[in-house]
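Heads up, the thing below is written out as structure tokens.
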Amino acid sequence: MSEYNQDGITRDVLDAFAKTPDPRLRELMTALVKHLHAFAREVDLKPEEWLAGLNFLNATGQISTDKRPEFILLSDTLGLSMMVVALAQARASQAKGATEATEATVEGPFYWPGAPDVPLGGDIANGARGEPTFYMGRVTDCDGQPLAGALLDVWSGDGHGKYDVQLSSEPSMQARGRLRTDAQGRYWFWSIRPNYYPIPDDGPVGDMMRATDRSIYRPGHLHLQVSAPGYVTLTTQVFVGGSPYIDADAVFGKRDSLVVDFETHPPGKAVDGREMGVPYHSASFDVRLAPATA
């Protein structure tokens, strides 16, 4: 064993992980130990601060459920989720044409599998509160060729900034749906215009945000997960142009290329022929998928 000092402790721990059979796991654990120990030395970490940090992580685990993944929220608010997304997109950009793919962003903590399949032109709002909105666009490859049958898994909060999983013990599948593009790669559907909202702040992450004087709000946005055989699955968001907090996203997920102007229309016949008795909005957003690499 090394002598009992800062450098000796780090060497001992690194030696303990040196025989890890999996090379990638060995790389990850070695880097983790180096950075954790360097952090403790840099800030001269006090025992009470170390314990407070452990208690924070313990509380994060205790409040977490399948509908309330607090650790994902923590990762989002620390910018780690967006860092991982950016690294993944940088790797994908090494493929031919992938630099032109639609930008990815964070999935967020409110995705729920099993959204209902709806036909093109269907309404996924399913009773969600909010102003009706018609969404349309195309899914193509990076050369602009349409991708027929591409799958869009769509979800959002409602017009009051709440997701269905926050409003009931079981997801009601409001403002959630899956649809496939037509032969020309086109998609269109109805839902609501999502509103800005605060991230859940009644747990450890909320305590951290208040202690660091940070905003807890996200701008209005619609989530999209788009996939097609032979292409990299894209998780992204459509941000409502002009939404409050559009330049102060609590989870750092907003990208300029994903901001869309929502056009407001008076009552009357919508572009798909539907008669609207109330004002409504429309938004157009095209998606470009990167080719998958072997």
Side-chain angles (χ1 to χ4, degrees), residues 1-2 5-43 45 49-50 53-113 141-142 151 153 204-205 208 223-237 251-253 255 258 287-294:
M1 296 289 290
S2 301
N5 58 38
Q6 298 173 23
D7 294 333
I9 296 168
T10 302
R11 284 195 300 269
D12 286 345
V13 179
L14 291 175
D15 288 345
F17 283 108
K19 295 182 180 179
T20 301
D22 185 286
R24 179 57 175 169
L25 179 59
R26 183 169 62 249
E27 179 185 13
L28 292 172
M29 295 306 300
T30 297
L32 176 64
V33 169
K34 286 181 179 178
H35 288 288
L36 277 177
H37 287 217
F39 166 77
R41 283 192 291 269
E42 179 182 341
V43 301
L45 192 63
E49 295 166 337
W50 165 76
L54 295 182
N55 288 337
F56 174 84
L57 293 176
N58 186 49
T60 300
Q62 289 176 336
I63 200 174
S64 293
T65 67
D66 54 355
K67 301 182 186 67
R68 170 67 183 275
E70 190 83 354
F71 273 111
I72 292 179
L73 188 62
L74 177 59
S75 175
D76 289 350
T77 55
L78 292 176
L80 179 59
S81 301
M82 272 305 300
M83 175 60 74
V84 173
V85 168
L87 290 170
Q89 195 144 45
R91 286 192 297 273
S93 70
Q94 298 173 9
K96 180 180 181 296
T99 53
E100 301 172 5
T102 298
E103 288 191 284
T105 188
V106 295
E107 180 179 281
F110 296 120
Y111 173 74
W112 194 260
D141 65 13
C142 291
L151 176 65
D153 197 340
V205 172
M208 178 194 73
H223 295 264
L224 293 172
Q225 188 176 89
V226 188
S227 59
Y231 293 85
V232 177
T233 297
L234 173 74
T235 299
T236 192
Q237 297 173 25
V251 305
F252 310 101
R255 293 187 173 188
L258 306 179
V287 175
R288 300 177 308 279
L289 296 184
T293 56

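Please read all numbers here as calculations on a predicted model, not as lab measurements. What you see below is based on every heavy atom in this structure, not just the backbone, and it leaves out hydrogens, waters and symmetry mates.
Between I72 and D76 there is a side-chain heavy-atom pair separated by less than 4.5 Å. Counting heavy atoms from C-beta on, the side chains of I63 and P204 come closer than 4.5 Å. In this structure, E49 and V43 have side chains that are not in contact, with every pair of non-hydrogen atoms separated by 4.5 Å or more. Using a 4.5 Å heavy-atom cutoff, the side chains of Y111 and D153 are in contact. M208 places a side-chain heavy atom less than 4.5 Å from the side chain of F56. Contact annotation: the side chain of R255 never approaches that of T236 to less than 4.5 Å [non-hydrogen atoms, C-beta and beyond]. With contacts defined as side-chain heavy-atom distances shorter than 4.5 Å, the pair T102/L258 qualifies. For the pair M82 and V251, the minimum side-chain heavy-atom distance is 4.5 Å or more.
Taking every heavy atom of both residues into account, T233 and Q225 meet most closely at CG2-CG, 3.9 Å. Among all heavy-atom pairs drawn from L289 and V232, the shortest one is CD2-O, 3.9 Å. Summarising the geometry of L57 relative to F71, their closest heavy-atom pair is O-CZ, 3.6 Å, with the distance given to 0.1 Å. The two residues C142 and A290 come nearest to each other via the heavy atoms SG-CA, 4.0 Å.
The closest donor-acceptor contact from the side chain of Q237 to the backbone of T105 lies at 3.5 Å or more, if one exists at all. With hydrogens and angles disregarded, a donor-acceptor distance shorter than 3.5 Å links the side chain of S64 to the backbone of E70.
Expressed to the nearest 0.5 Å, how far CZ of F252 lies from CG of L80 amounts to 11.5 Å. To the nearest 0.5 Å, atom CG of residue L32 and atom CZ of residue F17 are 8.0 Å apart.
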